[in-house]
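Accompanying notes for the structure given below.
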Amino acid sequence: AMVKGIQSQHVAATVKHFACNNKETNRKNSDSRISERALREIYLKGFEICVKQAQPWVLMTSYNLVNGQRASEHKELLDGILRGEWGYQGVITTDWWTKGEHYKEIKAGNDIKMGTGYPERVLLALEKGLLSREELQACARRVLELILKRLRPIAQKQHVELVLESFRPVTAEVDEVKLTLAISNLVENGIKYNSQNGWVHVSLNADHQFFYVKVEDNGMGIPEESLDRIFERFYRVDKSHSKEIGGTGLGLAITRSVVLMHRGAIKAFSTEGEGTIFNVRIPLNYII
Ligand code: ATP
Ligand code: MG
């Protein structure tokens, strides 16, 4: 009920800590030894009910071990039971200070890694063949869907229609947290610099080398002489109504640097009074 209530307000609920984190003493090293029956009937039951009834958007794994294996590295728990048997659709994240091995956490099905651990060992694991490229790839559509879910209330408030078009399944090696930030700003701009009853269309496409995200709006547009400058830090178009609309002018500078970090490209096209298009192109594999 709590997850349903929170998410009805378009805020992601994070359910934690999955699983068997039933005591706090020595919680990073304690190992919960449990029979399968006790695990399913007692310790996983609450999570099962929650996932099946409320579909939380995010779930966080725990520090402790379950039958000798770290919960965050536990493929059977995450990929097997949670996603496979219960049909969980949301994002799985690690907790902040796990001592888990990053590449094993990726293999087990984590989507987001909190900022501690040994990220450099991921490349090493890739080189050694312990981790495959497929396992590194994130589902681009799932990332975009989560962004739009979060921005939907702002769009509704302004009566701007928000649509996602996805032409084919796309998986790519991306820094999910940074890319979310980048695309979020483009979509938020499309909503902000728009008028009542306007629209923002987000589309996803790919070929064998790149994936493409297009964010298009029918808002106020950007004057031609400003188009070259919008990616500069703190630059905001003066003539537009952006003075009244809150913002720091940093969004597009951040968006551009994230796209470049992924060895991608971003281009803007705009006609004043008609609307704006931002095209983003990112290679499917940017880790070499
Ligand atoms: P922040 O994103 O840091 O909160 P911001 O939205 O003003 O602030 P940017 O995202 O960098 O900053 O955008 C820079 C400027 O470009 C904006 O102030 C606005 O004038 C113009 N702009 C950006 N996107 C659009 C758009 N879709 N339509 C019209 N103008 C836009
Ligand atoms: Mg912005």
Side-chain angles (χ1 to χ4, degrees), residues 9-12 112 115 140-141 143-167 170 174-205 210-282 286:
Q9 301 303 303
H10 301 272
V11 174
I112 297 177
R141 189 192 161 97
V143 178
L144 290 180
E145 273 171 356
L146 193 60
I147 293 174
L148 295 201
K149 266 194 229 168
R150 287 215 327 265
L151 292 175
R152 190 137 275 143
I154 314 177
Q156 271 166 358
K157 221 194 257 165
Q158 312 243 31
H159 299 279
V160 170
E161 188 193 18
L162 201 52
V163 184
L164 173 66
E165 271 181 312
S166 158
F167 294 101
V170 182
V174 292
D175 183 321
E176 191 161 333
V177 175
K178 290 201 180 80
L179 198 73
T180 296
L181 198 66
I183 305 289
S184 293
N185 180 53
L186 294 180
V187 179
E188 197 195 312
N189 282 351
I191 299 169
K192 273 201 308 191
Y193 305 109
N194 212 319
S195 50
Q196 294 251 326
N197 304 318
W199 47 256
V200 178
H201 292 178
V202 182
S203 76
L204 173 68
N205 211 340
F210 299 98
F211 72 96
Y212 306 88
V213 179
K214 179 159 101 174
V215 181
E216 190 175 1
D217 68 66
N218 67 339
M220 61 181 67
I222 302 164
E224 210 182 326
E225 65 272 18
S226 298
L227 211 50
D228 288 340
R229 303 200 54 197
I230 48 172
F231 293 103
E232 292 171 18
R233 276 185 282 171
F234 302 114
Y235 183 82
R236 309 193 72 215
V237 178
D238 216 23
K239 272 198 264 175
S240 69
H241 309 292
S242 59
K243 279 262 163 72
E244 302 142 35
I245 303 169
T248 55
L250 277 172
L252 285 176
I254 294 169
T255 299
R256 201 176 86 103
S257 68
V258 170
V259 172
L260 293 183
M261 185 203 109
H262 284 84
R263 300 176 208 276
I266 179 166
K267 269 200 197 120
F269 306 90
S270 189
T271 312
E272 255 192 294
E274 286 185 19
T276 306
I277 299 175
F278 281 94
N279 280 332
V280 176
R281 189 191 75 188
I282 294 189
Y286 89 100

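Order of listing sets the numbers, starting from 1, for every ligand and every atom in it. Every value quoted in this text rests on a predicted model; they were computed, and no experiment measured them.
Backbone and side-chain nitrogen or oxygen atoms of L252 are examined, and one is located within less than 3.5 angstrom of a nitrogen or oxygen of ligand 1.
Of the possible polar contacts, one joining the N218 side chain to the W199 backbone as a donor-acceptor pair under 3.5 Å is found. Side-chain atoms of S226 do not come within 3.5 Å of backbone N or O of I222 as any donor-acceptor pair. In terms of modelled atom types and a separation under 3.5 Å, the side chain of S270 and the main chain of G275 share a donor-acceptor contact.
Heavy atoms of I245 found under 4.0 angstrom from ligand 1: none, in either backbone or side chain. Contacts of Y235 with ligand 1, taken as heavy-atom pairs under 4.0 Å, involve the backbone alone. Only the side chain of K192 comes within contact range of ligand 1, with a heavy atom under 4.0 Å; no backbone atom does.
Only protein N, O or S atoms were considered, and those under 2.8 Å from the Mg ion (ligand 2) are N185 OD1, N189 OD1.
Residues meeting the side-chain hydrogen bond (donor to acceptor under 3.5 Å, both in side chains) test with S166, sequence neighbours left out: R141.
Taking the ring axis of F210 as reference, the NZ or CZ atom of R281 stays within 45° of it and closer than 6.0 Å to the ring centre.
Less than 4.0 angstrom separates some heavy atom of N185 from each of these atoms of ligand 1: 2 (O), 10 (O). The G247 neighbourhood of ligand 1 comprises atoms 4 (O), 8 (O), with distances under 4.0 Å to a heavy atom of that residue. For ligand 1, the atoms sitting less than 4.0 Å from at least one non-hydrogen atom of D217 are 26 (C), 27 (N), numbered in the order shown with element in parentheses. Residue contact check: I222 has heavy atoms under 4.0 Å from atoms 22 (N), 25 (C), 29 (C), 30 (N), 31 (C) of ligand 1.
Residue pairs meeting the side chain to side chain donor-acceptor pair (under 3.5 Å) criterion with at least one partner in residues 147-161, sequence neighbours excluded, are absent.
Note on ligand 1: G219 sits outside its first shell, no heavy atom being nearer than 4.0 Å.
When S226, G249, G251 are ranked by how near their heavy atoms come to atom 8 (O) of ligand 1, first place goes to G249. Which of L186, L250, T255, T276 comes nearest to atom 28 (N) of ligand 1 through a heavy atom is settled by distance: it is T276.
Contact detail for L227 and A268: the closest heavy-atom pair is CD2-O, 3.9 Å.
Counting heavy atoms of neighbouring residues, nucleotides and ligands inside a 6.0 Å radius, atom CD of E224 does not exceed 12 of them.
In this structure, I154 and L151 have side chains that are in contact, with non-hydrogen atoms separated by less than 4.5 Å. Residues V174 and H262 are in side-chain contact: their nearest non-hydrogen atoms beyond the backbone lie under 4.5 Å apart.
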Per-pair distances, 0.1 Å, donor-acceptor, side chain in residues 248-260, under 3.5 Å, sequence neighbours excluded:
residue : atom : partner : partner atom : Å
T248    : OG1  : L250    : N            : 3.4
T255    : OG1  : A182    : O            : 3.2
T255    : OG1  : N185    : ND2          : 3.4
T255    : OG1  : G251    : O            : 2.9
S257    : OG   : I254    : O            : 3.1

